[in-house]
Number of protein chains: 2
Amino acid sequence: MVISAELKEFFNSGYLTYIPHIYIDCVIFGYHNRKLKILLTKNGFLSEWCLPGGYMKRSESLQQAADRTIVDRTGIENLYLQQFRAFGDPNRTRYQNFDEEQWYSLTGLRLLKNNWLFDQTVSIGFFAITDFLKSIPSIDIESIESAWFNINELPELAMDHAEIVAMALKTLKIQLYHSPIGYNLLPEKFTLAEIQALYETLLEKKLDVSNFSKKLLTLGILEKANEKRNTSGHRSPYFYNFVRSNYEEALNEGIVLV
Amino acid sequence: MVISAELKEFFNSGYLTYIPHIYIDCVIFGYHNRKLKILLTKNGFLSEWCLPGGYMKRSESLQQAADRTIVDRTGIENLYLQQFRAFGDPNRTRYQNFDEEQWYSLTGLRLLKNNWLFDQTVSIGFFAITDFLKSIPSIDIESIESAWFNINELPELAMDHAEIVAMALKTLKIQLYHSPIGYNLLPEKFTLAEIQALYETLLEKKLDVSNFSKKLLTLGILEKANEKRNTSGHRSPYFYNFVRSNYEEALNEGIVLV
DNA sequence: ACAAAAGTGTTCGATCTACACCCATGT
DNA sequence: ACATGGGTGTAGATCGAACACTTTTGT
(Lines give C-alpha, C1' and ligand atoms only; values in the text may rest on other atoms or scores of the structure.)
Protein backbone atom coordinates (compact mmCIF):
# COMPACT_ATOMS: atom_id res chain seq x y z
CA MET A 1 0.00 0.00 0.00
CA VAL A 2 1.22 3.46 -0.92
CA ILE A 3 1.56 5.76 2.05
CA SER A 4 0.30 9.17 1.01
CA ALA A 5 1.50 12.35 2.65
CA GLU A 6 -2.01 12.78 3.96
CA LEU A 7 -1.98 9.37 5.60
CA LYS A 8 1.46 9.99 7.07
CA GLU A 9 0.19 13.22 8.54
CA PHE A 10 -2.82 11.36 9.95
CA PHE A 11 -0.63 8.76 11.61
CA ASN A 12 1.76 11.26 13.06
CA SER A 13 -0.47 14.04 14.25
CA GLY A 14 -4.05 12.92 13.81
CA TYR A 15 -4.47 13.13 17.57
CA LEU A 16 -4.51 16.91 17.24
CA THR A 17 -7.71 16.69 15.21
CA TYR A 18 -9.20 13.51 16.56
CA ILE A 19 -9.87 12.15 20.03
CA PRO A 20 -7.61 9.11 20.25
CA HIS A 21 -9.94 6.99 22.39
CA ILE A 22 -13.30 7.39 20.76
CA TYR A 23 -14.12 5.55 17.62
CA ILE A 24 -17.34 5.32 15.65
CA ASP A 25 -18.28 2.03 13.99
CA CYS A 26 -21.15 1.95 11.55
CA VAL A 27 -23.15 -1.06 10.49
CA ILE A 28 -24.70 -0.07 7.17
CA PHE A 29 -27.36 -2.54 6.14
CA GLY A 30 -28.14 -2.64 2.45
CA TYR A 31 -31.33 -4.14 1.12
CA HIS A 32 -32.47 -4.93 -2.35
CA ASN A 33 -34.70 -7.60 -3.79
CA ARG A 34 -34.71 -10.05 -0.89
CA LYS A 35 -31.01 -9.62 -0.22
CA LEU A 36 -29.64 -8.13 2.97
CA LYS A 37 -26.03 -7.04 2.89
CA ILE A 38 -23.69 -4.99 4.98
CA LEU A 39 -20.98 -2.64 3.93
CA LEU A 40 -17.39 -3.47 4.85
CA THR A 41 -14.07 -1.86 4.12
CA LYS A 42 -10.66 -3.38 3.73
CA ASN A 43 -8.08 -1.56 5.78
CA GLY A 44 -4.69 -1.45 4.09
CA PHE A 45 -2.88 -2.81 7.11
CA LEU A 46 -5.19 -5.48 8.45
CA SER A 47 -5.95 -8.85 6.93
CA GLU A 48 -9.57 -8.88 8.09
CA TRP A 49 -12.41 -6.71 6.87
CA CYS A 50 -13.70 -3.85 9.01
CA LEU A 51 -16.86 -1.90 9.57
CA PRO A 52 -16.63 1.58 8.11
CA GLY A 53 -15.73 3.84 10.98
CA GLY A 54 -13.47 6.54 12.22
CA TYR A 55 -12.32 8.61 15.10
CA MET A 56 -14.42 11.34 16.60
CA LYS A 57 -13.09 14.83 16.01
CA ARG A 58 -12.41 17.19 18.84
CA SER A 59 -15.40 19.43 19.43
CA GLU A 60 -17.95 17.69 17.29
CA SER A 61 -20.95 15.74 18.61
CA LEU A 62 -21.27 11.98 18.42
CA GLN A 63 -23.99 12.27 15.83
CA GLN A 64 -21.95 14.66 13.73
CA ALA A 65 -18.98 12.35 14.02
CA ALA A 66 -21.04 9.41 12.80
CA ASP A 67 -22.56 11.34 9.92
CA ARG A 68 -19.20 12.72 8.86
CA THR A 69 -17.52 9.34 9.15
CA ILE A 70 -19.95 7.70 6.79
CA VAL A 71 -19.66 10.44 4.21
CA ASP A 72 -15.85 10.48 4.51
CA ARG A 73 -15.39 6.77 4.36
CA THR A 74 -18.06 5.60 1.97
CA GLY A 75 -19.25 8.69 0.15
CA ILE A 76 -22.84 7.76 0.95
CA GLU A 77 -24.93 10.78 1.91
CA ASN A 78 -28.18 11.27 3.78
CA LEU A 79 -28.11 8.13 5.84
CA TYR A 80 -30.06 8.19 9.07
CA LEU A 81 -27.55 6.77 11.50
CA GLN A 82 -28.82 5.57 14.80
CA GLN A 83 -26.74 4.90 17.87
CA PHE A 84 -27.29 1.49 19.41
CA ARG A 85 -24.47 0.55 21.79
CA ALA A 86 -20.96 1.33 22.98
CA PHE A 87 -18.26 -1.31 22.82
CA GLY A 88 -15.35 -1.11 25.16
CA ASP A 89 -13.46 -4.30 25.69
CA PRO A 90 -9.99 -3.74 27.07
CA ASN A 91 -7.18 -3.54 24.55
CA ARG A 92 -9.67 -2.86 21.85
CA THR A 93 -7.56 -1.03 19.29
CA ARG A 94 -7.20 -1.56 15.61
CA TYR A 95 -3.48 -2.00 15.42
CA GLN A 96 -2.89 -3.70 18.74
CA ASN A 97 -0.96 -6.61 17.30
CA PHE A 98 1.60 -4.56 15.43
CA ASP A 99 5.04 -3.90 16.79
CA GLU A 100 7.22 -1.10 15.63
CA GLU A 101 9.19 -3.23 13.14
CA GLN A 102 6.15 -4.72 11.53
CA TRP A 103 4.64 -1.32 11.19
CA TYR A 104 7.84 0.01 9.65
CA SER A 105 8.05 -2.75 7.10
CA LEU A 106 4.42 -2.21 6.10
CA THR A 107 4.40 1.54 5.94
CA GLY A 108 7.95 2.82 6.03
CA LEU A 109 6.95 4.87 9.06
CA ARG A 110 8.52 4.66 12.46
CA LEU A 111 5.72 5.07 14.97
CA LEU A 112 6.45 4.90 18.66
CA LYS A 113 4.64 2.46 20.93
CA ASN A 114 2.90 5.40 22.51
CA ASN A 115 1.63 6.75 19.21
CA TRP A 116 -2.04 7.68 19.49
CA LEU A 117 -3.01 5.00 16.96
CA PHE A 118 -2.16 2.29 19.46
CA ASP A 119 -4.35 3.69 22.23
CA GLN A 120 -7.27 1.72 23.57
CA THR A 121 -10.53 2.83 21.99
CA VAL A 122 -14.16 2.72 22.99
CA SER A 123 -16.36 2.40 19.96
CA ILE A 124 -19.84 3.82 19.66
CA GLY A 125 -21.92 1.65 17.33
CA PHE A 126 -24.34 3.23 14.85
CA PHE A 127 -26.49 1.55 12.27
CA ALA A 128 -28.48 2.55 9.21
CA ILE A 129 -30.26 0.87 6.37
CA THR A 130 -30.24 1.80 2.72
CA ASP A 131 -30.82 0.41 -0.75
CA PHE A 132 -27.47 -1.03 -1.76
CA LEU A 133 -28.11 -0.50 -5.43
CA LYS A 134 -28.55 3.20 -4.85
CA SER A 135 -25.61 3.46 -2.49
CA ILE A 136 -22.33 3.01 -4.24
CA PRO A 137 -19.55 3.30 -1.71
CA SER A 138 -16.22 4.97 -2.34
CA ILE A 139 -13.11 4.47 -0.23
CA ASP A 140 -10.96 6.57 2.05
CA ILE A 141 -7.26 7.03 2.71
CA GLU A 142 -6.86 4.22 5.20
CA SER A 143 -8.73 1.68 3.07
CA ILE A 144 -8.03 -0.15 -0.13
CA GLU A 145 -11.41 -1.65 -0.85
CA SER A 146 -15.05 -1.34 0.09
CA ALA A 147 -17.83 -3.80 -0.66
CA TRP A 148 -21.30 -5.09 0.15
CA PHE A 149 -21.41 -8.57 1.68
CA ASN A 150 -24.41 -10.82 2.15
CA ILE A 151 -25.31 -10.87 5.80
CA ASN A 152 -24.82 -14.63 6.05
CA GLU A 153 -21.63 -14.74 4.00
CA LEU A 154 -19.48 -12.31 5.92
CA PRO A 155 -15.72 -12.63 5.74
CA GLU A 156 -13.51 -12.74 8.81
CA LEU A 157 -14.00 -9.45 10.67
CA ALA A 158 -11.39 -7.50 12.62
CA MET A 159 -11.51 -7.19 16.38
CA ASP A 160 -15.00 -7.35 17.90
CA HIS A 161 -16.70 -6.28 14.69
CA ALA A 162 -18.62 -9.53 14.40
CA GLU A 163 -20.18 -8.84 17.78
CA ILE A 164 -21.04 -5.30 16.72
CA VAL A 165 -22.79 -6.62 13.61
CA ALA A 166 -24.73 -9.16 15.66
CA MET A 167 -25.93 -6.50 18.09
CA ALA A 168 -26.89 -4.18 15.25
CA LEU A 169 -28.93 -6.90 13.58
CA LYS A 170 -30.70 -7.67 16.81
CA THR A 171 -31.51 -4.00 17.31
CA LEU A 172 -32.73 -3.68 13.73
CA LYS A 173 -35.19 -6.53 14.23
CA ILE A 174 -36.54 -5.14 17.48
CA GLN A 175 -36.90 -1.74 15.91
CA LEU A 176 -38.74 -3.14 12.91
CA TYR A 177 -41.23 -4.63 15.30
CA HIS A 178 -42.07 -1.20 16.67
CA SER A 179 -41.87 1.08 13.68
CA PRO A 180 -42.39 0.79 9.95
CA ILE A 181 -39.57 0.85 7.48
CA GLY A 182 -39.29 1.12 3.75
CA TYR A 183 -39.29 4.74 2.75
CA ASN A 184 -35.72 4.69 1.52
CA LEU A 185 -35.59 1.04 0.63
CA LEU A 186 -38.45 0.71 -1.78
CA PRO A 187 -39.34 2.69 -4.88
CA GLU A 188 -42.11 5.29 -4.69
CA LYS A 189 -44.61 2.62 -5.68
CA PHE A 190 -44.26 -1.03 -4.90
CA THR A 191 -46.33 -4.17 -4.67
CA LEU A 192 -47.43 -5.92 -1.51
CA ALA A 193 -45.13 -8.81 -2.39
CA GLU A 194 -42.19 -6.42 -2.50
CA ILE A 195 -42.72 -4.86 0.89
CA GLN A 196 -43.44 -8.25 2.40
CA ALA A 197 -40.18 -9.56 0.93
CA LEU A 198 -38.40 -6.64 2.60
CA TYR A 199 -39.84 -7.50 6.01
CA GLU A 200 -39.26 -11.22 5.60
CA THR A 201 -35.64 -10.64 4.68
CA LEU A 202 -34.93 -8.31 7.56
CA LEU A 203 -36.74 -10.43 10.11
CA GLU A 204 -35.42 -13.66 8.62
CA LYS A 205 -38.81 -15.34 8.81
CA LYS A 206 -41.89 -16.00 6.70
CA LEU A 207 -44.98 -13.89 7.21
CA ASP A 208 -48.59 -14.64 6.36
CA VAL A 209 -49.64 -12.81 3.18
CA SER A 210 -53.14 -12.02 4.29
CA ASN A 211 -52.32 -10.90 7.80
CA PHE A 212 -49.35 -8.82 6.76
CA SER A 213 -51.21 -6.70 4.25
CA LYS A 214 -54.22 -6.39 6.52
CA LYS A 215 -52.02 -5.02 9.26
CA LEU A 216 -50.33 -2.36 7.18
CA LEU A 217 -53.58 -1.33 5.53
CA THR A 218 -55.51 -1.18 8.79
CA LEU A 219 -52.79 0.93 10.33
CA GLY A 220 -53.16 3.21 7.33
CA ILE A 221 -49.46 3.11 6.55
CA LEU A 222 -50.02 1.84 3.03
CA GLU A 223 -52.60 2.78 0.44
CA LYS A 224 -53.47 1.15 -2.84
CA ALA A 225 -52.62 3.16 -5.92
CA ASN A 226 -54.81 3.08 -9.02
CA GLU A 227 -52.19 1.30 -11.01
CA LYS A 228 -50.93 -2.18 -11.59
CA ARG A 229 -47.53 -3.56 -12.28
CA ASN A 230 -47.48 -5.19 -15.67
CA THR A 231 -46.41 -8.77 -15.15
CA SER A 232 -47.00 -11.66 -17.45
CA GLY A 233 -48.11 -15.21 -16.93
CA HIS A 234 -50.51 -14.36 -14.15
CA ARG A 235 -52.57 -11.69 -12.46
CA SER A 236 -50.95 -8.27 -12.21
CA PRO A 237 -50.40 -6.89 -8.74
CA TYR A 238 -51.51 -3.44 -7.67
CA PHE A 239 -49.06 -0.79 -6.71
CA TYR A 240 -49.12 0.63 -3.20
CA ASN A 241 -47.49 3.63 -1.66
CA PHE A 242 -46.80 4.86 1.83
CA VAL A 243 -49.15 7.34 3.41
CA ARG A 244 -46.61 9.81 4.64
CA SER A 245 -48.54 11.20 7.59
CA ASN A 246 -49.47 7.82 9.04
CA TYR A 247 -45.99 6.48 8.40
CA GLU A 248 -44.48 9.36 10.36
CA GLU A 249 -47.00 8.95 13.12
CA ALA A 250 -46.18 5.25 13.43
CA LEU A 251 -42.50 6.18 13.66
CA ASN A 252 -43.21 8.50 16.56
CA GLU A 253 -45.97 6.68 18.39
CA GLY A 254 -44.72 3.17 17.84
CA ILE A 255 -46.70 0.24 16.48
CA VAL A 256 -46.64 -3.47 16.98
CA LEU A 257 -46.02 -5.27 13.77
CA VAL A 258 -45.97 -8.92 12.81
CA MET B 1 -13.38 22.10 50.19
CA VAL B 2 -10.15 20.58 51.45
CA ILE B 3 -7.87 19.45 48.66
CA SER B 4 -6.36 16.14 49.71
CA ALA B 5 -3.04 14.92 48.40
CA GLU B 6 -4.93 12.15 46.68
CA LEU B 7 -7.19 14.61 44.88
CA LYS B 8 -4.25 16.75 43.90
CA GLU B 9 -2.57 13.70 42.43
CA PHE B 10 -5.79 12.89 40.57
CA PHE B 11 -5.99 16.36 39.06
CA ASN B 12 -2.38 16.46 38.05
CA SER B 13 -1.72 13.02 36.73
CA GLY B 14 -5.00 11.16 36.66
CA TYR B 15 -4.66 10.93 32.90
CA LEU B 16 -1.99 8.28 33.42
CA THR B 17 -4.58 6.00 35.02
CA TYR B 18 -7.73 7.19 33.31
CA ILE B 19 -8.73 7.84 29.72
CA PRO B 20 -9.39 11.58 29.63
CA HIS B 21 -12.22 11.46 27.10
CA ILE B 22 -14.41 8.67 28.31
CA TYR B 23 -16.70 9.14 31.23
CA ILE B 24 -19.29 6.85 32.77
CA ASP B 25 -22.51 8.32 34.12
CA CYS B 26 -24.81 6.15 36.18
CA VAL B 27 -28.47 6.70 36.83
CA ILE B 28 -29.22 4.70 39.96
CA PHE B 29 -32.92 4.39 40.53
CA GLY B 30 -33.97 3.65 44.07
CA TYR B 31 -37.37 2.29 44.92
CA HIS B 32 -39.11 1.76 48.19
CA ASN B 33 -42.74 1.89 49.22
CA ARG B 34 -44.18 3.75 46.23
CA LYS B 35 -41.29 6.18 46.07
CA LEU B 36 -38.90 6.36 43.14
CA LYS B 37 -35.69 8.23 43.72
CA ILE B 38 -32.36 8.66 42.03
CA LEU B 39 -28.95 8.96 43.53
CA LEU B 40 -27.03 12.18 43.03
CA THR B 41 -23.70 13.43 44.26
CA LYS B 42 -22.55 16.93 45.00
CA ASN B 43 -19.23 17.67 43.39
CA GLY B 44 -17.07 19.94 45.50
CA PHE B 45 -16.44 22.39 42.67
CA LEU B 46 -19.79 22.62 40.93
CA SER B 47 -22.93 24.30 42.16
CA GLU B 48 -25.26 21.76 40.55
CA TRP B 49 -25.75 18.15 41.51
CA CYS B 50 -24.29 15.36 39.36
CA LEU B 51 -24.95 11.77 38.50
CA PRO B 52 -22.45 9.46 40.14
CA GLY B 53 -19.85 8.75 37.53
CA GLY B 54 -16.20 8.62 36.72
CA TYR B 55 -13.56 8.20 34.13
CA MET B 56 -12.82 4.89 32.51
CA LYS B 57 -9.46 3.43 33.45
CA ARG B 58 -6.92 2.47 30.85
CA SER B 59 -7.25 -1.21 30.00
CA GLU B 60 -10.51 -2.00 31.71
CA SER B 61 -13.78 -2.75 29.92
CA LEU B 62 -16.75 -0.42 29.87
CA GLN B 63 -18.72 -2.74 32.10
CA GLN B 64 -15.85 -3.02 34.56
CA ALA B 65 -15.49 0.74 34.54
CA ALA B 66 -19.17 1.19 35.32
CA ASP B 67 -19.15 -1.40 38.09
CA ARG B 68 -16.01 0.01 39.64
CA THR B 69 -17.29 3.57 39.38
CA ILE B 70 -20.42 2.79 41.33
CA VAL B 71 -18.55 0.97 44.06
CA ASP B 72 -15.90 3.72 44.25
CA ARG B 73 -18.32 6.59 44.27
CA THR B 74 -21.25 5.32 46.22
CA GLY B 75 -20.03 2.23 48.03
CA ILE B 76 -23.04 0.31 46.74
CA GLU B 77 -22.14 -3.21 45.67
CA ASN B 78 -23.75 -5.80 43.42
CA LEU B 79 -25.72 -3.50 41.23
CA TYR B 80 -26.62 -4.75 37.79
CA LEU B 81 -25.65 -1.81 35.63
CA GLN B 82 -26.98 -1.70 32.15
CA GLN B 83 -25.68 0.43 29.34
CA PHE B 84 -28.35 2.48 27.59
CA ARG B 85 -26.81 5.31 25.54
CA ALA B 86 -23.72 7.38 24.85
CA PHE B 87 -23.84 11.14 25.20
CA GLY B 88 -21.41 13.24 23.25
CA ASP B 89 -22.37 16.82 22.77
CA PRO B 90 -19.44 19.02 21.89
CA ASN B 91 -17.73 20.78 24.76
CA ARG B 92 -19.28 18.39 27.18
CA THR B 93 -16.84 18.49 30.08
CA ARG B 94 -17.44 18.92 33.74
CA TYR B 95 -15.26 21.88 34.37
CA GLN B 96 -15.68 23.68 31.07
CA ASN B 97 -16.68 26.97 32.59
CA PHE B 98 -13.70 27.32 34.88
CA ASP B 99 -10.74 29.45 34.03
CA GLU B 100 -7.35 29.04 35.61
CA GLU B 101 -7.87 31.77 38.19
CA GLN B 102 -11.21 30.50 39.35
CA TRP B 103 -9.80 27.04 39.67
CA TYR B 104 -6.86 28.37 41.64
CA SER B 105 -9.03 30.27 44.06
CA LEU B 106 -11.22 27.20 44.60
CA THR B 107 -8.52 24.60 44.94
CA GLY B 108 -5.20 26.31 45.38
CA LEU B 109 -3.99 24.37 42.36
CA ARG B 110 -2.66 25.86 39.15
CA LEU B 111 -3.96 23.71 36.34
CA LEU B 112 -3.14 24.58 32.78
CA LYS B 113 -5.85 25.08 30.18
CA ASN B 114 -4.71 21.88 28.52
CA ASN B 115 -5.00 19.83 31.71
CA TRP B 116 -6.76 16.54 31.02
CA LEU B 117 -9.67 17.55 33.25
CA PHE B 118 -10.77 20.16 30.75
CA ASP B 119 -10.89 17.77 27.80
CA GLN B 120 -14.12 17.08 25.99
CA THR B 121 -15.70 13.86 27.21
CA VAL B 122 -18.11 11.36 25.76
CA SER B 123 -20.20 9.81 28.47
CA ILE B 124 -21.58 6.30 28.41
CA GLY B 125 -24.83 6.13 30.33
CA PHE B 126 -25.64 3.16 32.56
CA PHE B 127 -28.63 2.60 34.76
CA ALA B 128 -29.64 0.28 37.57
CA ILE B 129 -32.40 -0.04 40.08
CA THR B 130 -32.13 -0.89 43.74
CA ASP B 131 -33.94 -0.57 47.03
CA PHE B 132 -32.85 2.77 48.42
CA LEU B 133 -33.35 1.71 52.00
CA LYS B 134 -30.87 -1.10 51.52
CA SER B 135 -28.42 1.03 49.58
CA ILE B 136 -26.77 3.61 51.72
CA PRO B 137 -24.38 5.60 49.59
CA SER B 138 -20.98 6.82 50.71
CA ILE B 139 -18.98 9.54 49.00
CA ASP B 140 -15.72 9.78 47.11
CA ILE B 141 -12.80 12.20 46.93
CA GLU B 142 -14.28 14.57 44.40
CA SER B 143 -17.64 14.82 46.15
CA ILE B 144 -18.88 16.40 49.32
CA GLU B 145 -22.35 14.92 49.53
CA SER B 146 -24.47 12.12 48.16
CA ALA B 147 -28.23 11.74 48.43
CA TRP B 148 -31.40 10.17 47.12
CA PHE B 149 -33.82 12.59 45.43
CA ASN B 150 -37.42 11.97 44.49
CA ILE B 151 -37.64 11.59 40.75
CA ASN B 152 -39.99 14.54 40.39
CA GLU B 153 -38.16 16.77 42.80
CA LEU B 154 -34.72 16.80 41.30
CA PRO B 155 -32.43 19.73 41.93
CA GLU B 156 -30.63 21.60 39.18
CA LEU B 157 -28.35 19.11 37.41
CA ALA B 158 -24.93 19.77 35.90
CA MET B 159 -24.32 19.69 32.17
CA ASP B 160 -26.60 17.38 30.22
CA HIS B 161 -27.39 15.22 33.23
CA ALA B 162 -31.09 16.04 33.12
CA GLU B 163 -31.21 14.66 29.60
CA ILE B 164 -29.37 11.53 30.71
CA VAL B 165 -31.88 10.98 33.51
CA ALA B 166 -34.79 11.44 31.11
CA MET B 167 -33.37 8.90 28.68
CA ALA B 168 -32.71 6.44 31.48
CA LEU B 169 -36.25 6.74 32.76
CA LYS B 170 -37.63 6.18 29.27
CA THR B 171 -35.45 3.10 28.85
CA LEU B 172 -36.48 1.77 32.26
CA LYS B 173 -40.16 2.00 31.32
CA ILE B 174 -39.67 0.27 27.98
CA GLN B 175 -37.64 -2.42 29.66
CA LEU B 176 -40.25 -2.98 32.32
CA TYR B 177 -42.75 -3.60 29.58
CA HIS B 178 -40.66 -6.45 28.24
CA SER B 179 -39.23 -8.07 31.31
CA PRO B 180 -40.20 -8.52 34.92
CA ILE B 181 -38.55 -6.67 37.74
CA GLY B 182 -38.57 -6.92 41.48
CA TYR B 183 -36.05 -9.47 42.58
CA ASN B 184 -33.84 -6.92 44.28
CA LEU B 185 -36.52 -4.42 45.06
CA LEU B 186 -38.96 -6.44 47.04
CA PRO B 187 -38.45 -8.65 50.07
CA GLU B 188 -38.42 -12.41 49.60
CA LYS B 189 -42.15 -12.48 50.19
CA PHE B 190 -44.48 -9.66 49.32
CA THR B 191 -48.14 -9.01 48.72
CA LEU B 192 -49.80 -8.38 45.39
CA ALA B 193 -50.45 -4.81 46.46
CA GLU B 194 -46.74 -4.31 47.03
CA ILE B 195 -45.59 -5.53 43.66
CA GLN B 196 -48.35 -3.61 41.95
CA ALA B 197 -47.28 -0.47 43.79
CA LEU B 198 -43.77 -1.04 42.45
CA TYR B 199 -44.98 -1.26 38.87
CA GLU B 200 -47.33 1.67 39.23
CA THR B 201 -44.58 3.85 40.61
CA LEU B 202 -42.07 2.96 37.93
CA LEU B 203 -44.55 3.29 35.10
CA GLU B 204 -46.14 6.37 36.62
CA LYS B 205 -49.65 5.07 35.97
CA LYS B 206 -52.46 3.15 37.66
CA LEU B 207 -52.98 -0.50 36.81
CA ASP B 208 -56.07 -2.64 37.17
CA VAL B 209 -55.79 -4.92 40.24
CA SER B 210 -57.46 -7.89 38.67
CA ASN B 211 -55.69 -7.78 35.33
CA PHE B 212 -52.30 -7.17 36.84
CA SER B 213 -52.31 -10.17 39.14
CA LYS B 214 -53.87 -12.38 36.48
CA LYS B 215 -51.05 -11.51 34.12
CA LEU B 216 -48.21 -12.29 36.50
CA LEU B 217 -49.84 -15.46 37.76
CA THR B 218 -50.67 -16.73 34.27
CA LEU B 219 -47.11 -16.10 33.18
CA GLY B 220 -46.07 -18.16 36.18
CA ILE B 221 -43.70 -15.48 37.43
CA LEU B 222 -45.41 -15.26 40.81
CA GLU B 223 -46.77 -17.95 43.08
CA LYS B 224 -48.91 -17.72 46.17
CA ALA B 225 -47.22 -18.69 49.41
CA ASN B 226 -49.10 -20.42 52.20
CA GLU B 227 -48.84 -17.47 54.45
CA LYS B 228 -50.58 -14.21 55.07
CA ARG B 229 -49.37 -10.86 56.15
CA ASN B 230 -50.93 -9.92 59.44
CA THR B 231 -52.70 -6.65 58.94
CA SER B 232 -55.44 -5.27 61.06
CA GLY B 233 -58.76 -3.69 60.31
CA HIS B 234 -59.40 -5.76 57.26
CA ARG B 235 -58.68 -8.96 55.40
CA SER B 236 -55.07 -10.08 55.45
CA PRO B 237 -53.32 -10.41 52.12
CA TYR B 238 -51.45 -13.52 51.04
CA PHE B 239 -47.76 -13.46 50.49
CA TYR B 240 -46.38 -14.22 47.06
CA ASN B 241 -42.93 -14.97 45.84
CA PHE B 242 -41.18 -15.07 42.50
CA VAL B 243 -40.78 -18.36 40.72
CA ARG B 244 -37.13 -18.14 39.93
CA SER B 245 -37.08 -20.27 36.79
CA ASN B 246 -40.02 -18.51 35.13
CA TYR B 247 -38.70 -15.15 36.17
CA GLU B 248 -35.36 -15.88 34.52
CA GLU B 249 -37.05 -17.21 31.45
CA ALA B 250 -39.14 -14.07 31.12
CA LEU B 251 -35.96 -12.03 31.41
CA ASN B 252 -34.41 -13.91 28.53
CA GLU B 253 -37.39 -14.53 26.28
CA GLY B 254 -39.16 -11.27 26.89
CA ILE B 255 -42.78 -10.79 27.87
CA VAL B 256 -45.39 -8.16 27.27
CA LEU B 257 -46.66 -6.73 30.47
CA VAL B 258 -49.43 -4.29 31.35
C1' DA C 1 -73.56 -4.28 60.55
C1' DC C 2 -70.37 -1.82 57.95
C1' DA C 3 -66.04 -0.03 56.33
C1' DA C 4 -61.98 -1.08 54.16
C1' DA C 5 -58.92 -3.69 51.76
C1' DA C 6 -58.13 -8.32 49.32
C1' DG C 7 -59.09 -10.91 45.72
C1' DT C 8 -62.08 -13.16 41.80
C1' DG C 9 -65.17 -13.45 37.77
C1' DT C 10 -67.29 -12.11 33.69
C1' DT C 11 -68.38 -9.62 29.65
C1' DC C 12 -67.32 -7.39 25.35
C1' DG C 13 -64.66 -6.33 21.78
C1' DA C 14 -60.28 -6.15 19.46
C1' DT C 15 -56.67 -8.66 17.48
C1' DC C 16 -53.91 -12.68 16.00
C1' DT C 17 -53.40 -17.09 13.58
C1' DA C 18 -54.09 -20.28 10.34
C1' DC C 19 -55.92 -21.66 6.51
C1' DA C 20 -59.19 -21.99 2.77
C1' DC C 21 -60.75 -19.86 -0.97
C1' DC C 22 -61.45 -16.83 -5.10
C1' DC C 23 -59.27 -13.85 -8.94
C1' DA C 24 -56.63 -12.67 -13.14
C1' DT C 25 -53.80 -13.92 -16.80
C1' DG C 26 -50.58 -16.16 -20.25
C1' DT C 27 -49.83 -20.43 -22.37
C1' DA D 1 -58.09 -25.79 -18.60
C1' DC D 2 -54.59 -25.15 -15.67
C1' DA D 3 -50.61 -23.34 -13.48
C1' DT D 4 -49.03 -19.44 -11.16
C1' DG D 5 -48.91 -15.82 -8.34
C1' DG D 6 -52.21 -12.03 -6.43
C1' DG D 7 -55.42 -11.10 -3.17
C1' DT D 8 -59.58 -11.80 0.26
C1' DG D 9 -62.56 -13.97 3.85
C1' DT D 10 -63.47 -16.16 7.99
C1' DA D 11 -63.71 -19.33 12.26
C1' DG D 12 -61.55 -19.96 16.53
C1' DA D 13 -58.44 -18.80 19.89
C1' DT D 14 -56.44 -15.41 22.65
C1' DC D 15 -55.91 -11.18 24.91
C1' DG D 16 -56.94 -6.90 27.20
C1' DA D 17 -59.85 -3.29 29.35
C1' DA D 18 -63.41 -2.31 32.35
C1' DC D 19 -66.01 -3.14 36.05
C1' DA D 20 -68.95 -5.65 39.19
C1' DC D 21 -68.80 -8.76 42.58
C1' DT D 22 -67.41 -11.74 46.73
C1' DT D 23 -64.42 -12.52 50.82
C1' DT D 24 -62.19 -11.45 55.11
C1' DT D 25 -61.49 -8.98 59.21
C1' DG D 26 -61.52 -5.38 62.99
C1' DT D 27 -64.37 -2.23 65.20
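Below, chains carry the letters A, B, ... as their sequence lines are ordered, and counting in each starts from 1. It should be emphasised that the depicted structure is a prediction, and the values quoted were computed from it without experimental measurement.
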Subject >> Candidate nucleotides D:dG7, D:dT23, D:dT25, ranked by approach to the side chain of B:Ser236 - the nearest >> reply: D:dT25
**OP:** Starting at atom OH of B:Tyr238, determine the distance to atom C1' of D:dT23, rounded to an integer number of angstrom.
**Re:** 11 Å
**OP:** Let me know which of A:Lys205, A:Arg34, A:Lys173 forms a salt bridge (charged side-chain N to carboxylate O under 4.0 Å, His left out) with A:Glu200.
**Re:** A:Arg34
Original post:
Out of D:dG9, C:dA24, D:dT25, which nucleotide sits closest to the side chain of A:Lys214?
Top reply: D:dG9
Subject >> Integer-rounded Å distance: C:dA18 P and A:Phe212 CZ >> reply: 16 Å
**OP:** Report the residue (B:Lys215 or A:Ala193) whose heavy-atom-nearest nucleotide on DNA chain D is the more 5′ of the two.
**Re:** A:Ala193
**OP:** Check the distance between D:dG7's P and A:Leu207's CG and give it to me in whole angstrom.
**Re:** 16 Å
**OP:** Take atom NZ of B:Lys205 and atom P of D:dA18, then tell me their distance rounded to the nearest Å.
**Re:** 10 Å
**OP:** Find the distance A:Ile195:CD1 to D:dG7:P and express it as a whole number of Å.
**Re:** 13 Å
Original post:
Can a donor-acceptor pair under 3.5 Å be found between the side-chain atoms of B:Asp208 and the base atoms of D:dC19?
Top reply: yes
**OP:** Let me know the distance between CD of A:Glu194 and P of D:dG7, rounded to the nearest Å.
**Re:** 10 Å
**OP:** Could you tell me whether a side-chain N or O of A:Lys215 sits under 3.5 Å from a main-chain N or O of A:Val256, the two making a donor and an acceptor?
**Re:** yes
**OP:** Give me the ring orientation class for B:Tyr183 and B:Phe242: parallel if the planes are under 30° apart, tilted from 30 to 60°, perpendicular past 60°.
**Re:** parallel
Original post:
Reckon B:Lys228 has a side-chain N or O less than 4.0 Å from the OP1 or OP2 of D:dT24?
Top reply: no
Original post:
Any luck finding a side-chain donor-acceptor pair between A:Thr130 and A:Ser135 under 3.5 Å?
Top reply: yes
Subject >> Of the listed nucleotides C:dT25, C:dA18, D:dA18, the one nearest the side chain of A:His234 >> reply: C:dT25
Subject >> First encountered from the 5' end of DNA chain C, between A:Val256 and B:Pro237 >> reply: B:Pro237
Original post:
Is a side-chain donor-acceptor pair under 3.5 Å present for B:Gln83 with B:Gln63?
Top reply: no
Subject >> Pair of N/O donor and acceptor under 3.5 Å linking C:dG9 base with B:Ser210 side chain >> reply: yes
Original post:
A:Ser232 near the nucleic acid: base, sugar-phosphate alone, or nothing, with a heavy-atom cut-off under 4.0 Å?
Top reply: sugar-phosphate
**OP:** With the side chain of B:Asn211 defined as its heavy atoms from C-beta on, choose the nearest nucleotide among C:dA18, C:dA24, D:dA18.
**Re:** D:dA18
Original post:
If each of A:Gly233 and A:Ser213 is mapped to the nucleotide of DNA chain D with the nearest heavy atom, which maps nearer the 5' terminus, i.e. the 5' end?
Top reply: A:Gly233
